[in-house]
Amino acid sequence: MTGVTLARVVKKYGDAQVIHGVDLHVGDGEFCVFVGPSGCGKSTLLRMVAGLEDTSGGSIRIGNRDVTHADPAERGVAMVFQTYALYPHMTVAENMGFGLKMTGHPKPEIDRKVAEASRILKLDDYLTRKPKALSGGQRQRVAIGRAIVRGPEVFLFDEPLSNLDAELRVEMRVEIARLHREIGATMIYVTHDQVEAMTLADKIVVLRAGRVEQVGAPLDLYDDPDNKFVAGFIGSPAMNFVAATVDGPGTVTAPGLTGHTPVSMRLPALGDVVILGLRPQHLMLAEGATHRVEMKEALGGVSYLHLSAQTGEKLVIESREVPRLQLGDRVGVSFDPAHLMAFDAKSELRLR
Amino acid sequence: MTGVTLARVVKKYGDAQVIHGVDLHVGDGEFCVFVGPSGCGKSTLLRMVAGLEDTSGGSIRIGNRDVTHADPAERGVAMVFQTYALYPHMTVAENMGFGLKMTGHPKPEIDRKVAEASRILKLDDYLTRKPKALSGGQRQRVAIGRAIVRGPEVFLFDEPLSNLDAELRVEMRVEIARLHREIGATMIYVTHDQVEAMTLADKIVVLRAGRVEQVGAPLDLYDDPDNKFVAGFIGSPAMNFVAATVDGPGTVTAPGLTGHTPVSMRLPALGDVVILGLRPQHLMLAEGATHRVEMKEALGGVSYLHLSAQTGEKLVIESREVPRLQLGDRVGVSFDPAHLMAFDAKSELRLR
Amino acid sequence: MSAYWKTNQRRLAPWLFLAPGLFMFMLYVIIPIFQSVFVSFQDWDGLGEARWIGVDNYVELMDDDAFYTSLKNNVIWLALYMLAVPAGLLIAIFLNQTIAGMRLYKSLFFFPFVISQVVVGLMFSWFYAPNFGLFYNLLEWLTGTGTAVLADDRFVTYGIIVAGLWPQIAYVMILYLTGLNNVAPDQVEAARLDGAKGWRMLWYVILPQLRPATFIAVVVTVIGALRSFDLVSIMTNGGPYGTSRVLSFYMYEQALSEYGYRMGYGAAIAVVLFAIMMIFISGFIWKMWRDETER
Amino acid sequence: MFPRPITQLSAPSQTLYKIAVPVALFLWLLPLLGVALTSVRPASDLAQGNYFGLPSALAFENYATVFRNTPMLQYMLNSFWVTIPTVIGAITLSCMTGFALAIYRFPSNLIVFFMFVAGNFVPFQILMVPVRDLTLSLGMYNTWYGLALFHIAFQTGFCTLFMRNFIKALPFELIEAARVEGVAEWRIFWFIVIPLMRPAIAALSVLVFTFIWNDFFWATVLTNSAATQPVTAGLSSLNGQWIAQWHLVSAGSILAALPPVVMFFMMQKHFIAGLTLGAVK
Amino acid sequence: QQRVLTFTTDNNDPAPKAAWEQLVADFEAENPDVDVQMNIMDREAYKTAIRNFLTSDPPDVANWYPANRMQPFVDAGLFLDISDVYADNDLNTQLASTLPIVTQDDKQWMVPYTYYQWGMYFNRTAYEQVDAAVPATWEEFLANCEKFKAAGIDCLTTGSSQLWPIAGIFDYLNLRTNGYEFHKALTNGEVPWTDDRVRATFAEWAKVLPYTTANHAAIDWQDAVPLIVQGKAANYVMGNFAVAAFKEGGMTDETLGFLPFPTINPDVPRAEEAPTDAVFIPAGAKNVDDAKKFMAFVARADVQTKLNTALGQLPVNAGATVGDDPFLQAGFEMLSTTPGGIAQFFDRDAPAEMAKVGMEGFQEFMVRPENLDAILDRLEKARARIYK
Ligand SMILES: Nc1ncnc2c1ncn2[C@@H]1O[C@H](COP(=O)(O)OP(=O)(O)OP(=O)(O)O)[C@@H](O)[C@H]1O
Ligand SMILES: Nc1ncnc2c1ncn2[C@@H]1O[C@H](COP(=O)(O)OP(=O)(O)OP(=O)(O)O)[C@@H](O)[C@H]1O
Ligand SMILES: [Mg+2]
Ligand SMILES: [Mg+2]
């Protein structure tokens with residue numbers, strides 16, 4: 001059993017604490033994706049698992065072994081870097097076999113393993129080339145191949161696709177998904193691409209400022225976020241947020257929306273402020289003059305209407321047709337209250 | 001009247017011709033966007049308008065003046081670079097005022113204009129900072145401010161937002177749209193971001209390999225492309241293309257789709273091959289087992305299903321719900337023939 | 001043992017890698033600096049016993065005309081050597097074009113830097129030589145009377161400096177050429193749109209970008225000026241009557257030459273030179289420190 | 001990019017420029033050309049006052065004379081004896097120190113680094129007295145290895161600055177990737193860093209070669225006989241003998257300048273890379 | 001098995017080099033079991049190198065200058081006491097004339113092998129050209145200078161870039177103005193440089209400056225030789241070793257003339273300048289026995305005769321014979337009849353440091369006579385420090 005378990009893991013750089021006691025379990029064979037805003041500690045956490053950064057507190061276990069202070073080499077992990085980190089002076093085959101060679105494996109064994117990895121990744125034609133002579137996608141494949149060859153228990157990826165252009169990114173994404181299905185190892189993957197996270201993950205870990213905000217399957221996070229941060233972070237375009245006041249049992253007034261609205265979740269005390277969240281595709285245009293059209297973005301298949309409420313709050317509406325509206329027109333909005341989410345104004349926790 | 005008119009404009013680098021006689025008129029106050037694949041000559045064309053590249057043939061007029069061989073400084077244009085090209089050793093205010101200083105404007109006038117631009121761009125708090133101390137978005141604003149200050153007749157933008165992260169990009173896009181409304185100058189804008197092109201442009205110019213493929217309003221290009229290239233280039237995810245054979249008057253057979261299909265456009269001779277185009281949102285799942293599910297991407301609000309037909313052709317279906325399908329399942333597809341477009345297989349021109 | 005090595009490998013490795021280089025450097029550079037300071041408080045002819053005399057050497061320096069001559073010459077060197085910076089910049093700008101054979105031209109321009117200062121000194125001695133030297137004749141042709149530059153206390157230092165400038169300009173030129181290569185084209189273009197041309201382009205846009213090159217050019221020029229020994233030694237031996245001495249040469253003369261062998265006094269001169277140089281070294285280190293820590 | 005590319009100017013100014021460059025070059029190299037010309041001038045020309053005109057004959061025998069009548073050959077060999085071990089030694093040591101300073105984070109890292117840098121810029125006159133004593137007491141005075149050892153130590157300062165910056169600029173992920181793969185530190189040094197440093201090593205070798213070949217001061221301080229003196233010091237003493245024999249002085253000068261010049265031309269690319277890498281960084 | 005005797009010397013000019021090679025060959029012929037390895041160094045470099053090789057890697061035999069220049073080495077214990085060689089070979093009598101300058105602490109340290117006179121060499125053709133008579137007094141000499149000047153000929157030439165040639169001029173002016181005893185007192189630091197008698201010497205020097213080659217500070221002594229040879233200059237104050245250079249330039253016994261430096265003050269007895277060169281055994285020599293044999297060999301009358309004939313100089317051994325070269329004969333004649341005394345040379349009689357400062361002062365005076373006061377003050381300051 002080769003899951004990865006972090007317990008109250010802490011990282012400090014001098015006085016600055018960047019990871020604040022993270023608890024996390026990644027199951028055996030699971031594909032786990034770390035997402036979060038830039039600087040939230042995704043890479044740091046991953047590198048701590050790899051052993052490239054010391055752990056300042058807490059413990060890290062891989063399988064049954066406590067590896068908190070183990071050398072990277074002894075953890076049984078392989079890492080794929082954003083920059084690929086291929087050795088430029090070695091051929092593809094040498095790159096892939098280097099780790100084994102250095103740890104004293106016999107040549108025939110190395111050759112066999114390299115051949116196998118190259119078959120999986122369709123690199124057979126490039127084995128004797130130097131990395132310089134490869135395209136970005138091929139390089140990324142070699143980097144993955146280098147990881148595979150060593151047969152690690154855990155794969156770590158740090159934004160492996162962010163240096164590729166959009167088209168290749170899609171292609172390699174499919175490739176990685178296939179790889180995971182094929183070799184079934186535990187994988188931890190850092191990205192800040194929504195689509196990668198949503199499509200690859202078994203489990204997404206949303207991080208903010210060195211803390212875990214929520215852990216769960218992609219659509220669970222989308223449909224059922226625990227707090228405003230996760231709700232706003234997952235999904236594109238982002239969820240609309242408006243302030244509302246509790247004005248009765250099961251009702252709120254949201255001046256930025258349609259005013260008085262019944263809601264189904266448990267609300268705080270009368271007069272308290274809550275934040276309502278509504279995804280752009282759940283908002284519709286309606287009769288009225290409560291909102292002003294600020295911008296219209298027609299992308300062909302879908303259009304976005306940017307509105308501003310009289311409160312100054314901004315809303316985005318997604319629609320399938322191109323609305324026949326001018327900038328500055330006044331419109332109303334409508335929605336199905338079932339789609340509403342509510343968050344506590346202070347703690348930003350979801351009210352259910 | 002300060003439109004920009006290109007007449008049979010040609011650019012050669014030594015023997016290599018990269019712009020092949022482009023004719024184009026950008027009206028006064030118009031927002032014109034150049035799009036096209038990498039290397040098609042967007043930047044080159046823009047830089048020729050700016051005077052940063054010599055024009056090998058043809059003429060360029062700005063307003064009534066022939067500027068084909070004029071100095072960049074004399075053309076009354078301002079340019080915003082992808083890299084911002086701020087002078088790192090000058091403060092924000094100095095950066096913005098530099099052009100006026102070089103053309104010998106008195107200090108009070110410079111100060112006034114800088115103050116005004118900084119007000120428009122909300123840069124007042126940063127005027128004494130050096131570019132290094134600014135965020136990406138702020139830098140981009142300074143670059144735009146530098147352009148505004150000189151009060152040019154024509155603004156040129158070369159992928160101004162491509163170095164920003166996704167969130168900022170959206171914000172700055174809105175900013176640029178507002179700017180255009182506010183100062184109403186002629187603008188030419190290079191990008192390869194679909195959304196920017198669609199949302200900002202009054203007029204999109206699609207370039208391929210140094211030639212203009214089509215010019216028109218964004219939705220016109222989306223709804224009514226002149227050829228397969230434009231159809232495939234505009235819209236995301238891209239249009240699905242399948243091969244079909246003319247098998248009767250007003251009907252074709254597309255084995256990658258549903259087989260025999262009536263179409264409304266004028267077709268070539270019986271037996272000829274045409275290419276059918278259908279946007280992902282116009283394809284629907286249906287009973288059947290003609291297509292295999294290759295991949296499923298659930299992004300929350302929208303899902304994409306990647307199918308492969310028995311012919312090997314790939315199709316992408318966009319749907320609002322998350323389809324309950326497994327990889328490898330077999331499904332059928334359906335569509336409204338009214339949405340079909342057809343293209344000549346050779347010339348790739350649209351058949352109407 | 002191997003367990004210890006395994007766990008502490010990363011902590012020990014840097015010191016093992018550093019050991020040989022650090023040892024050599026300590027032995028031959030760092031420790032001698034302190035030894036020199038120590039020797040400067042002694043009276044020692046290099047043969048017999050050294051005698052501790054405290055600051056006497058420095059007191060004597062205070063009242064030594066030759067020392068002031070050397071110091072003055074060093075200042076002149078420092079000031080005039082700085083001309084290498086603008087001159088190198090001008091040549092670099094002049095050559096920063098692409099025409100056929102430019103690479104070759106650039107390398108030929110760079111030639112003087114590769115040549116030993118001894119050879120440069122001999123070349124310029126020949127150039128200045130009275131009666132038949134190229135420069136002597138040129139001067140004679142222009143003004144009617146030739147001047148033996150290296151025998152005239154008014155000109156000799158300048159004559160040597162010119163010889164020193166020749167390779168130094170070449171050096172600075174190459175620094176600027178590579179600096180110009182790295183000038184951001186987009187800033188130049190932006191400035192062009194802003195209407196900056198010629199000198200103003202150079203002053204407002206190019207020079208600020210060349211700051212790293214300028215910095216290093218100044219540093220190597222300062223060091224070159226203060227270390228100047230070879231040319232003085234080859235071209236004049238400090239003459240005529242000591243007027244072309246510089247500190248580094250005077251130090252050598254006092255410590256090791258035929259009529260010298262005052263090790264302590266020589267060391268004292270070296271310490272003064274070191275103190276002057278330390279001003280510049282500290283500046284350099286300070287800048288590096290800033291660059292390193294702000295990353 | 002700056003100044004304006006000449007190709008954008010009018011044809012006459014382009015032509016003017018194409019003429020101006022070689023003319024400037026000629027003036028720039030005038031002393032060198034003069035000496036080169038003198039080195040093949042027969043002694044009789046000098047005696048007759050033909051200092052500037054074309055030589056009446058090409059007297060390559062001047063070079064033969066230099067080799068025959070003076071220990072020039074010995075001097076040049078000595079120079080190689082000093083220079084080559086120095087290049088090898090300084091590069092080897094500095095590869096190691098540079099690696100240690102660039103890759104490892106340890107408390108005194110920057111201090112050690114700055115010590116190398118500062119030592120490198122010290123006026124070397126301050127080292128003269130102690131280094132001479134040290135060499136004397138080691139019994140290495142007036143030997144090529146005594147001189148070479150000092151050069152190795154001193155050049156290590158400069159080379160460390162250079163190497164450290166170069167290695168620092170390598171992607172650190174390469175090291176991390178190797179560490180994750182379980183490669184021992186010295187193997188990382190040997191199998192990954194050294195191969196990647198080849199350009200730096202080449203550049204630095206050329207640079208150190210010219211520095212050492214051209215050194216005069218230390219040659220004067222640490223050697224004194226024809227059997228050990230390198231060519232710079234040798235040339236200086238020959239200069240004392242060749243009074244008024246400018247054709248020989250010139251030939252000797254050209255000979256002494258030749259190896260670094262040849263080196264420069266062969267390794268030009270590395271050389272310039274070296275100067276800028278080492279310096280401008 | 002041959003024993004090796006290492007011999008380091010600075011005799012690198014062609015003539016002396018050949019002479020010494022011959023001497024070594026003769027020695028080896030007499031002592032077939034000894035192999036002499038001669039290491040020849042550059043003359044100027046030798047003066048600094050000797051310090052180093054004496055401490056680090058001493059040869060068995062080397063050459064150096066006696067008197068003042070010898071003293072610091074003897075003090076530092078770097079020379080081997082060779083009194084036994086003197087005693088065993090009767091050198092105390094044969095080399096009696098130079099005994100004082102090789103003796104320190106009542107022991108002998110060096111074996112002198114040659115000396116040579118200084119004086120005025122001149123171009124007879126030039127004299128004939130301006131119709132000048134060979135001068136005996138300073139007035140006549142200066143009068144001749146007027147004539148030479150009118151003819152565009154430098155009356156006096158020298159090359160001072162290595163400083164020492166002009167020390168010869170000073171010495172002679174001083175010897176002729178103030179006499180030998182004053183010279184000794186001055187070089188021993190017993191007389192202040194600001195003394196009026198010193199000023200008197202410089203006053204005489206000032207008289208000849210207008211007639212001296214202009215760019216002397218830019219050239220070496222060898223560079224000035226062609227000026228004499230070509231008749232562009234008339235007189236040259238030099239040591240006898242220069243005769244070889246004059247003759248190599250094409251002068252003959254007929255065109256080259258020699259005269260003792262002219263009389264300035266007739267009341268002062270004539271004194272001359274004749275530096276002596278010697279060999280010694282370093283304290284660290286490995287083959288002392290053969291080195292002493294070599295010392296004795298060099299001291300022998302017949303050996304000195306042969307060596308000095310080749311060198312074109314004068315032997316020290318009283319039993320040796322002087323070569324029949326007219327200049328040698330003239331010099332020998334001049335020196336053996338000198339009533340005043342024989343000086344070594346300014347830079348050998350004065351301590352090295354003083355010599356350096358002094359010669360720089362002379363050079364500055366020659367270029368900028370108006371600085372005389374400042375120069376003398378400087379020399380006096382140096383004297384106060386150096387002789388303390
Ligand atoms: N060596 C270091 N010293 C001090 N602070 C550091 C260091 N490395 C990283 N940090 C800080 O740790 C925090 C987390 O950094 P990390 O690189 O893990 O972020 P990230 O989530 O990977 O961001 P990105 O998406 O930009 O890659 C940041 O605030 C960063 O400033
Ligand atoms: N200086 C040059 N010399 C030769 N060819 C050039 C030069 N500059 C550009 N080109 C060529 O001109 C063509 C157009 O280049 P351009 O930069 O305009 O493309 P682009 O459309 O802006 O591409 P991108 O989207 O990548 O910025 C390319 O094929 C390029 O290779
Ligand atoms: Mg990261
Ligand atoms: Mg472009």
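These numbers were taken from a predicted model, which means no experiment stands behind them. Numbers restart at 1 for each chain; the letters A, B, ... are given by sequence-line order, proteins then strands.
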**Prompt:** Would you find a donor on one side and an acceptor on the other, under 3.5 Å apart, between the side chain of A/Thr55 and the backbone of A/Gly57?
**Reply:**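 Absent.
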
**Asked** So, the side chain of A/Asp158 versus the backbone of A/Val190: is there a donor-acceptor pair under 3.5 Å, distance only?
**Response**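 No: the side chain of A/Asp158 does not pair with the backbone of A/Val190.
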
**Prompt:** Does the distance from a Lys or Arg side-chain N to an Asp or Glu carboxylate O, for A/Glu196 and A/Arg173, drop under 4.0 Å?
**Reply:** no

**Asked** Does the pair A/Glu116/A/Arg112 count as a salt bridge with the N-to-O cut at 4.0 Å?
**Response** no

**Prompt:** What part of A/Phe81 is in contact with chain D, defined as an atom under 4.5 angstrom from a non-hydrogen atom: side chain, backbone, both or neither?
**Reply:** side chain

**Message:** For A/Arg75, which atoms come within 4.5 Å of any heavy atom of chain D: side chain, backbone, both, or neither?
**Reply:**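 Contact with chain D is absent: no heavy atom of A/Arg75 under 4.5 Å.
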
**Message:** I'd like to verify something: which residue of A/Lys101, A/Met102, A/Arg47, A/Met79 has the highest number of heavy-atom pairs under 4.5 Å with chain D?
**Reply:**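 It is A/Met102.
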
**Which atom of D/Thr232 lies closest to which atom of D/Asp215, heavy atoms considered** =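 Smallest interatomic distance, heavy atoms only, reads OG1-O, 2.5 Å.
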
**Asked** At what distance, to the nearest 0.5 angstrom, does OG1 of A/Thr91 lie from CG of A/Leu86?
**Response** 11.0 Å

**Item:** Working for side chain to side chain donor-acceptor pair (under 3.5 Å), residues A/Asp66 and A/Thr68
**Value:** CA-CA 6 Å; A/Asp66 183 330; A/Thr68 317; 2.4 Å; yes

**Prompt:** Given A/Asp28 and A/Thr2, is the side chain to side chain donor-acceptor pair (under 3.5 Å) satisfied, shown in steps?
**Reply:** CA-CA 5 Å; A/Asp28 187 19; A/Thr2 55; 2.8 Å; yes

**Message:** Strictly less than 4.5 Å between heavy atoms, which residues of residues 176-189 of chain D line up against chain A? Please order them by number.
**Reply:** D/Glu176, D/Ala177, D/Ala178, D/Arg179, D/Val180, D/Glu181, D/Gly182, D/Val183, D/Arg187

**Prompt:** Counting a contact as any heavy-atom pair under 4.5 Å apart, which residues of residues 87-112 of chain D contact chain A?
**Reply:**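 Within residues 87-112 of chain D, no residue comes under 4.5 Å of chain A, counting heavy atoms only.
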
**Request:** Report the relative orientation of the aromatic rings in A/Phe157 and A/Tyr189; use parallel for angles under 30°, tilted for 30 to 60°, perpendicular for over 60°.
**Result:** tilted

**Item:** Residue D/Phe191 versus chain A: region with a heavy atom under 4.5 Å
**Value:**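 Contact with chain A is through both the backbone and side chain of D/Phe191.
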
**Asked** What about the rings of D/Trp213 and D/Phe80, do their centers lie closer together than 6.0 Å?
**Response**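 Centroid separation for D/Trp213 and D/Phe80: below 6.0 Å.
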
**Request:** Just do the side chain to side chain contact (heavy atoms under 4.5 Å, CB included) check on D/Leu147 and D/Met140 with the steps written out, would you?
**Result:** CA-CA 8 Å; D/Leu147 188 53; D/Met140 296 188 197; over 6 Å; no

